[in-house]
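Just below is one structure, and these are the notes that go with it.
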Number of protein chains: 2
Amino acid sequence: MAYRETSRIRERKQITRQTILTNALRLLNESGFSGIQMATLARQCQLATGTLYRYFSSKEALCTAVFEHATIIEINRVAAQLQQAHKGVPERIADALMTFAKRALRAPVAAWALIAEPVEPAVSAARLRYREQYATLFAQAIDEGIVERSLPQQNSTLSSHALVGAIAEALIGPLAQQNQYQPWQAISASVQFCLQAITATPYTIICPQQELSHEQR
Amino acid sequence: MAYRETSRIRERKQITRQTILTNALRLLNESGFSGIQMATLARQCQLATGTLYRYFSSKEALCTAVFEHATIIEINRVAAQLQQAHKGVPERIADALMTFAKRALRAPVAAWALIAEPVEPAVSAARLRYREQYATLFAQAIDEGIVERSLPQQNSTLSSHALVGAIAEALIGPLAQQNQYQPWQAISASVQFCLQAITATPYTIICPQQELSHEQR
DNA sequence: CTAAGAAGTGAATCATGATTCAGTTTTTAA
DNA sequence: TTAAAAACTGAATCATGATTCACTTCTTAG
């Protein structure tokens, strides 16, 4: 017996892994999953292609990890909106949904990659986990709302899944093919739909076009 | 001497060519240029892969032709808007720009493919011709407007190119990466910008959100 | 310092999809 | 009916990018 992994090595590997993910994420933002090529990625990380396979068993596994890495970033943004202490739960949820949607529309290549780009089955499976994570987050907020009486009694797990499904649908539409409505219309309608669904009262959201026409006058 | 191409054969070849383009266009709408595979396309057309090469010298040439075919469809839509006899030129141009933008947002995979998907150089060159065709169309309308006095005197060629550039920019932004604004905001602002640019007077467009909130009340 | 055990390397191999081409079928004019 | 000239075919070949693996370098415990 001689070599044994030390914390120094563990940390170094952690950094290398992070480097790979960061560079892959940049490629994802530039041209989607199809833009991630093992040789290119290795070069950008200053590693040999073989080394990538010491960190990820296949390109599919790598793409899945990138997917999850990107998702965590988005999740954190949404989580931040859900934690605004000075606002009520319904408003926080509306903010979170809007943030989710706006970020998707602001980085559409990445959003398209995360939501609609045709990918291998393993990445599709990650998509399901991704929605699950969002649902969990929203479910916590809903539970909070129920406790503070700003939301009526309800099954928070069910509500949160419905909520994620509705907002994703509103984004998949505009980003993919077969929708009949327009992006912003779909988003505001969805947020309104979601909020009305969980508050069980009418809910009006501020329309970005109103801000625009105000500025221009 | 014996075989000589007859009109019967010429027509049959024309139909085959059209079949290829139609099937390729469907693939384009489904998953962009990367979704067009020679073997798949040949199968869908009930042809051998080699036959595709009798009609198009390479996949690149085929993609270019598909690009142009798709473009012609879009051009015809825009042209139809520009020909509405009962409306003034400025309104017709606004309608045409909106149509262009809306269609792009309604078929974003195709729009992304036509406007932003990374493609071979020959297809990029087709993009320039595509913009040129739009410019020509708008230039004709502008000239008409000048004659009927609904538009002030101006260089219609220059104006039309500026107009196409502005609206494309407003679409490339939302569909690609680095923009700061939202799709509908970008479109309405661009159409407003374009109309104000060519009419030299304030111009307000109807905001889709207003229709929405009206419906929902 | 040394040898076991990893980690890292990159050229060789494999898989996928574009392209070619030798052979087959179709079409035409005489 | 026939032979020239296409048109068509699809298996073979080529190109690109993922994956492997024999080898080298690094790290650690003794």
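Chain letters run A, B, ... following the sequence lines, proteins first and then strands; every chain starts at 1.
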> Just how far, in rounded Å, is P of C/dT9 from CE of A/Met38?
Replying inline: 14 Å

> So does B/Arg12 get a side-chain nitrogen or oxygen closer than 4.0 Å to the phosphate oxygens (OP1/OP2) of C/dT27?
Replying inline: yes

> If you pin A/Thr40 and A/Thr6 to their nearest nucleotides in DNA chain D, which one's is more 5'?
Replying inline: A/Thr40

>> Tell me whether B/Gln84 contacts the main-chain N or O of B/Gln81 through its side chain, where contact means a donor paired with an acceptor under 3.5 Å.
In response: yes

> Closest to the B/Tyr55 side chain: D/dC8, D/dT9, D/dT19?
Replying inline: D/dC8

> Judged by atom type as modelled, is there a donor-acceptor pair below 3.5 Å linking the side chain of B/Gln44 to the main-chain atoms of B/Leu41?
Replying inline: no

>> Check the orientation of A/Phe33 and A/Phe67. Use parallel for under 30°, tilted for 30 to 60°, and perpendicular for over 60°.
In response: parallel

> A/Thr49 has a side chain; which of C/dA11, D/dC8, D/dT27 sits nearest to it?
Replying inline: C/dA11

> Roughly, in whole Å, what's the span from CD1 in A/Ile36 to C1' in D/dA18?
Replying inline: 14 Å

> B/Lys13 NZ to C/dT28 C1': how many Å, rounded?
Replying inline: 14 Å

> Of the nucleotides C/dT19, D/dT9, C/dT9, which one has an atom closest to the side chain of B/Tyr53?
Replying inline: C/dT19

>> Checking contacts here: which listed nucleotide (D/dA7, D/dT9, D/dT19) is nearest the side-chain heavy atoms of A/Ser58?
In response: D/dT19

>> Let's see if you can work this out: which of C/dA6, D/dA3, D/dT19 has an atom nearest to the side-chain heavy atoms of B/Ala2?
In response: D/dA3

> Of the nucleotides C/dG8, C/dT19, D/dC8, which has the atom closest to the B/Lys59 side chain?
Replying inline: C/dT19

>> As a test of reading the structure: which of C/dG17, C/dA7, C/dA29 is closest to the side chain of A/Arg54, going by heavy atoms?
In response: C/dA7

>> From the set C/dT9, D/dT28, C/dT26, return the single nucleotide nearest to any side-chain atom of A/Ile9.
In response: D/dT28

> Where each residue is assigned the nucleotide of DNA chain C containing its nearest heavy atom, which of B/Ser7 and B/Gly50 is assigned the position nearer the 5′ end?
Replying inline: B/Gly50

>> In this structure, how many angstroms lie between the C1' atom of C/dA6 and the CZ atom of A/Arg8, rounded?
In response: 13 Å

> Which pair of heavy atoms, one from B/Phe138 and one from B/Ala96, lies closest together, and at what distance?
Replying inline: CE2-CB, 3.8 Å

>> Rounding to an integer number of Å, can you tell me how far A/Leu47 CG sits from D/dT19 P?
In response: 16 Å

> Within this structure, what is the CZ-to-C1' distance between A/Arg17 and C/dA7, rounded to whole angstrom?
Replying inline: 16 Å

> If only side-chain N and O atoms of A/Tyr3 are considered, is one of them under 4.0 Å from the OP1 or OP2 phosphate oxygen of C/dA4?
Replying inline: no

>> Rounded to whole Å, how long is the line connecting atom CZ of A/Arg43 with atom C1' of C/dG8?
In response: 18 Å

> B/Gln37 CD to C/dA15 P: how many Å, rounded?
Replying inline: 17 Å

>> Is a donor from one side chain sitting under 3.5 angstrom from an acceptor on the other, for A/Asn23 and A/Arg26?
In response: yes

